[in-house]
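Encoded as structure tokens, the structure appears first; notes follow it.
We count ligands from 1, going down the list as the structure has it; atoms in each ligand are counted the same way. The figures that follow rest on heavy atoms only: side chains count, while hydrogens, waters and symmetry mates do not.
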Amino acid sequence: VITCRAAVAWAPGKPLSIEEVEVAPPKAGEVRIKIVATGICHSDEHILKGSIPNVEFPVIPGHEGAGIVESIGEGVTSVKPGDKVIPLCVPQCGECSYCLNPESNFCQKSHMFEPQNLLPDKTSRFTCKGKQIHHFLWVSTFAEYTVVPEYSVAKIDAAAPLEKVCLFGCGFSTGYGAAINTAKVKPGSTCAVFGLGGVGLSVVMGCKAAGASRIIAVDINKDKFAKAKELGATDCINPRDFKKPIQEVLTEMTGQGVDYSFEVIGLAETMIAALASCNMSTGICVMIGVLNSGSEISIDPMLVLTGRTWKGTMLGG
Ligand code: NAD
Ligand code: ZN
């Protein structure tokens, strides 16, 4: 058993608290990782508010980390102690019909099918002050050591700088993949990205890499615009600078609407605005932001009937 520090969320609505926790050794098929770096994704903030479904408290959040394998359980063959790894918040069991479909990055062992608050054997490897602490998506990277199933770990290059590549654990892969894999942005196309956090900026990078000729970045915080331009945005607009709805502004700027739009905030109103901003014939809108658990969106069906496509993405497909 390793004793180390972790950021524990004891209950919804309470801030994280840094605690000393005990991390049990990996059982068969599991890997214990020394987490060297972790990013903070807005989804971690959603957990603290209690707005992610199927999360149980107390919990150690964090799902955008990188580290070094400390020890392995019986039967683990894909990694060994000392390997640099990124834990995967969407598992890859390699056996379910989703994993076997090359078009999909999703896995039926993910939390949309069964809770990932305990490891697959339904026990936790974390305790704190005598209490069992839950895992989050089986990764819990806000701990100095964590235990994850072997099929939730990707081995990476030994030279990878962990404080940078931790972003592949969620934010970068999600945004970049949303442009490349989910939208399949074409060269010369026009894109709009709503929300310029770590994930939205990664969408901008993906659109640029795919050869988009115009990338319009949308945010209510203009401090995000310099970084967005550096990464490939051609125009940056703040919806609060306009009297008319942002979808009308984008439609006017582009003639008939953008070819691809991405919602990377997590609000119903911006999801509808993003859908309405892409052109009615062939436009593709990708939903990335996470809405509060239990929310619903209502749309004018004509938005889709005429030919727009509305898609979502988990971890960038
Ligand atoms: P973030 O908080 O860093 O960035 C959000 C940005 O949206 C901010 O720059 C903010 O100023 C801007 N914003 C807020 N309200 C706005 C509005 N009304 N109009 C325009 N801009 C507005 O968040 P992040 O970490 O980049 O994550 C973005 C979203 O993506 C979150 O909802 C997160 O949960 C979700 N997410 C989804 C996946 C997935 O697999 N689908 C993966 C990671 C994150
Ligand atoms: Zn995330």
Side-chain angles (χ1 to χ4, degrees), residues 38-53 55 61-66 86-91 104-107 110-112 116 136-142 166-183 192-206 216-228 231 233 236-242 245-247 249-250 261-277 285-293 295 297 310-317:
T38 183
I40 303 174
C41 165
H42 203 113
S43 305
D44 295 308
E45 176 71 8
H46 290 315
I47 302 175
L48 298 188
K49 291 203 196 109
S51 54
I52 301 251
V55 172
H63 60 283
E64 192 173 81
I86 293 178
L88 307 174
C89 53
V90 173
S104 161
N105 74 322
F106 214 47
C107 172
S110 85
H111 77 295
M112 304 305 287
Q116 289 176 269
F136 174 57
L137 299 182
W138 292 341
V139 291
S140 294
T141 61
F142 290 175
C166 62
L167 298 176
F168 281 82
C170 181
F172 176 73
S173 307
T174 299
Y176 194 86
I180 304 286
N181 300 323
T182 312
V193 183
F194 288 69
L196 304 173
V199 186
L201 290 172
S202 303
V203 174
V204 171
M205 293 168 79
I216 307 172
V218 182
D219 203 297
I220 50 173
N221 178 356
K222 62 177 175 21
D223 295 347
K224 305 281 182 143
F225 293 167
K227 182 70 89 184
L231 296 174
C236 293
I237 57 174
N238 181 345
R240 294 186 175 160
D241 290 343
F242 301 90
I246 193 68
Q247 52 269 42
V249 175
L250 285 160
S261 62
F262 301 85
E263 202 278 358
V264 211
I265 303 164
L267 297 172
E269 64 182 69
T270 42
M271 289 193 180
I272 297 168
L275 178 62
S277 301
C285 175
V286 182
M287 176 192 291
I288 303 169
V290 176
L291 281 178
N292 283 349
S293 134
S295 341
I297 299 183
W310 200 13
K311 321 176 73 170
T313 191
M314 267 288 183
L315 215 68

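Around the NZ atom of K227, the shell of radius 6.0 Å holds no more than 12 heavy atoms that belong to other residues, nucleotides or ligands. Heavy-atom neighbours of K222 NZ from other residues, nucleotides or ligands within 6.0 Å: at or below the threshold of 12.
The distance criterion of under 3.5 Å between nitrogen or oxygen atoms is met by I265 with respect to ligand 1. For G316, no nitrogen or oxygen atom sits less than 3.5 Å from a nitrogen or oxygen atom of ligand 1, counting backbone and side chain alike. No N or O atom of V218 sits closer than 3.5 Å to an N or O atom of ligand 1. In terms of polar-atom proximity, C41 is not counted as a contact of ligand 1, lacking any N or O under 3.5 Å from an N or O of the ligand. For ligand 1, none of its N or O atoms has an N or O atom of L267 under 3.5 Å away. Between T313 and ligand 1, at least one pair of N/O atoms sits closer than 3.5 Å. By the 3.5 Å distance cut-off applied to N or O atoms, T270 is not counted among the residues near ligand 1. For the pair N221 and ligand 1, the shortest N or O to N or O distance does not fall below 3.5 Å. Geometrically, ligand 1 and G198 share a nitrogen or oxygen pair separated by less than 3.5 Å.
Rounded to 10°, the angle that SG of C170 and NE2 of H63 form at the Zn ion (ligand 2) is 120°.
Looking only at heavy atoms of the protein, atom 25 (O) of ligand 1 is closest to H42 N, 2.9 Å. The nearest protein atom to atom 37 (C) of ligand 1, hydrogens excluded, is given as I288 O, 3.0 Å; this is a heavy-atom distance.
By the criterion of a heavy-atom distance under 4.0 Å, the side chain of K224, and not its backbone, is placed next to ligand 1. Contacts of L196 with ligand 1, taken as heavy-atom pairs under 4.0 Å, involve the backbone alone.
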